[in-house]
Structure formats: structure tokens, C-alpha cells
Amino acid sequence: MDIIPEQLKRRALEVGQVLRMDMDEKDGIVPRPGKTSKLKRFVIIGRYGDALVAALLINSDINEKKFVQIGPYHHKILQSDYDFLDHDSYIDGFLLREFSCGRVLENAEYLGRISEQDISECIEHVTLSPKIKPYLLKKYRLY
């Protein structure tokens, strides 16, 4: 029985939380051949009221083909610092993803939190990324 009101649940989504959720091509994810989705980790770096969250994907590696373009906007996090990681990973600050709070609450699994220092460094990458529009920085108060 679900006794936590929906509005209270929405407030439970906080900056710094790491979650895992199935994503697909609509999310900009390219699933493996024969699959329609991929389970991806992400970190919340901003909120827009009770409607949306801004998130950055956590990847195992940086795409070698695009390294020169996207590499400077990735932040390395160490497996030794976070028990939800299987190996050292990279938070992608080149692209910002937006998800509805409802989708995250219904579909994502909570894994943990990243440190304030790691959040700050990720936000710095986001503010410098040429791919993220200024209106998104303002919308999520990332400036």
C-alpha cells in the first residue's frame, strides 16, 4: 500500500541523487542491437518545480570517436568513492537530459548520491558546454 502522497514523493527527487532507469531512442540512447532500451544511470543536477528534473548520464567510458568534442565536459567519478558503481565512470556534462518527475518516480531506482564537490564540478562542465542552451541553464538555475 502506497501511503506517501504524490506531492511529497515529487519533493523527494533532489539534486545529487543517482538513479537508474530504462531509456530508449527518445532519450537519445542507442540501445544494443536487438534491444529497444538500455538501463542507464543518471544524476539529478536541477529541478523545475514539481514537473521536471535535469539530469546527466553516467557512462562507463567517453566515446572515443567524439572524445575531442565531448571529453572536456565529462567528470570522472571513482568506484572507490561510490558503492553504486561497478567501475570508475564518467558523468556526461556535454548533454543535459530532461525527465518528468512522474516518469522518474514511476520508473527509476534510487542508487545513492554524489558528493557536493562532484555536483559542483558537473555543473561547471554543463555551464561551459556548447551544446546546452542558456535558457536551460536559467530554467534549472545552473548559472
Side-chain angles (χ1 to χ4, degrees), residues 2 4-79 81-143:
D2 190 5
I4 302 173
E6 186 66 25
Q7 200 162 4
L8 185 58
K9 276 193 209 175
R10 290 183 193 281
R11 289 190 187 125
L13 295 175
E14 297 176 349
V15 171
Q17 287 181 342
V18 175
L19 301 114
R20 180 172 45 205
M21 176 172 75
D22 268 327
M23 296 183 197
D24 58 29
E25 291 177 359
K26 291 180 296 207
D27 300 311
I29 301 301
V30 179
R32 297 196 190 287
K35 303 284 184 178
T36 58
S37 66
K38 186 174 185 179
L39 197 57
K40 293 291 292 179
R41 293 180 178 126
F42 62 97
V43 61
I44 296 174
I45 63 158
R47 285 191 51 154
Y48 184 71
D50 288 342
L52 299 169
V53 292
L56 302 177
L57 297 184
I58 299 175
N59 297 314
S60 300
D61 294 302
I62 301 172
N63 184 331
E64 291 180 20
K65 295 176 184 173
K66 298 180 180 180
F67 187 86
V68 172
Q69 179 187 15
I70 67 174
Y73 307 99
H74 281 67
H75 175 66
K76 186 175 185 176
I77 53 175
L78 304 176
Q79 186 273 329
D81 293 338
Y82 299 109
D83 61 0
F84 54 82
L85 292 177
D86 301 324
H87 44 74
D88 294 351
S89 299
Y90 298 88
I91 299 175
D92 178 0
F94 186 69
L95 290 173
L96 183 73
R97 314 294 171 130
E98 290 184 284
F99 301 113
S100 73
C101 289
R103 177 180 175 197
V104 173
L105 288 167
E106 289 176 25
N107 300 296
E109 173 190 2
Y110 175 83
L111 300 176
R113 299 185 62 79
I114 63 170
S115 71
E116 291 297 324
Q117 178 66 34
D118 285 331
I119 293 168
S120 295
E121 291 185 36
C122 289
I123 290 172
E124 183 176 336
H125 291 308
V126 166
T127 61
L128 297 173
S129 173
K131 192 75 170 176
I132 300 173
K133 305 290 184 204
Y135 81 90
L136 286 173
L137 299 176
K138 185 175 181 181
K139 179 178 182 178
Y140 291 103
R141 298 183 176 149
L142 298 171
Y143 40 84

Where [X] and [Y] come nearest, the two heavy atoms and their spacing:
X	Y	value
Glu14	Ile44	O-CB, 3.6 Å
Pro31	Ile29	CD-O, 3.2 Å
Cys122	Leu56	CB-CD1, 3.8 Å
Gly93	Ser129	O-CB, 3.6 Å

Steps toward side-chain contact (heavy atoms from CB on, under 4.5 Å) verdict (Asp22, Asn107): CA-CA 8 Å; Asp22 268 327; Asn107 300 296; over 6 Å; no

CA sep, side-chain torsions, deciding dist, call: Tyr48, Cys101, side-chain contact (heavy atoms from CB on, under 4.5 Å): CA-CA 9 Å; Tyr48 184 71; Cys101 289; over 6 Å; no

Any chance you could measure [X], atom [atom1], to [Y], atom [atom2], to the nearest 0.5 Å?
X	Y	atom1	atom2	value
Ile58	Tyr82	CD1	OH	9.0 Å
Asp50	Ser100	CG	OG	12.0 Å
Ile91	Ile119	CD1	CD1	8.5 Å
Leu96	Leu57	CG	CG	10.0 Å
Asp81	Ile114	CG	CD1	11.0 Å

Steps toward side-chain contact (heavy atoms from CB on, under 4.5 Å) verdict (Val43, Arg113): CA-CA 8 Å; Val43 61; Arg113 299 185 62 79; over 6 Å; no

Test item: Arg97 side-chain N/O and Asp27 main-chain N/O as donor-acceptor pair under 3.5 Å: yes

Over 12 foreign heavy atoms within 6.0 Å of CZ, Phe84: yes

Glu109 atom CD, over 12 foreign heavy atoms within 6.0 Å: yes

Contact check, side chains of Thr36 and Asp24, non-hydrogen atoms, under 4.5 Å: no

Kindly list each side-chain donor-acceptor pair under 3.5 angstrom involving residues 131-143, sequence neighbours excluded, with atom names and distances?
{"from": "Lys139", "atom 1": "NZ", "to": "Glu98", "atom 2": "OE2", "distance (Å)": "2.9"}
{"from": "Tyr140", "atom 1": "OH", "to": "Glu98", "atom 2": "OE2", "distance (Å)": "2.6"}

Output a table of donor-acceptor pairs, distance under 3.5 Å, between side-chain atoms of residues 64-79 and any protein atom two or more places apart or on a different chain; print 'none' if there are none.
{"from": "His74", "atom 1": "ND1", "to": "Ile70", "atom 2": "O", "distance (Å)": "2.9"}
{"from": "His75", "atom 1": "ND1", "to": "Glu121", "atom 2": "OE1", "distance (Å)": "3.2"}
{"from": "His75", "atom 1": "NE2", "to": "Asp118", "atom 2": "OD1", "distance (Å)": "2.6"}

Steps toward side-chain contact (heavy atoms from CB on, under 4.5 Å) verdict (Phe42, Asp92): CA-CA 9 Å; Phe42 62 97; Asp92 178 0; over 6 Å; no

Salt-bridge criterion met for Arg41 and Asp86 (N-O under 4.0 Å): yes

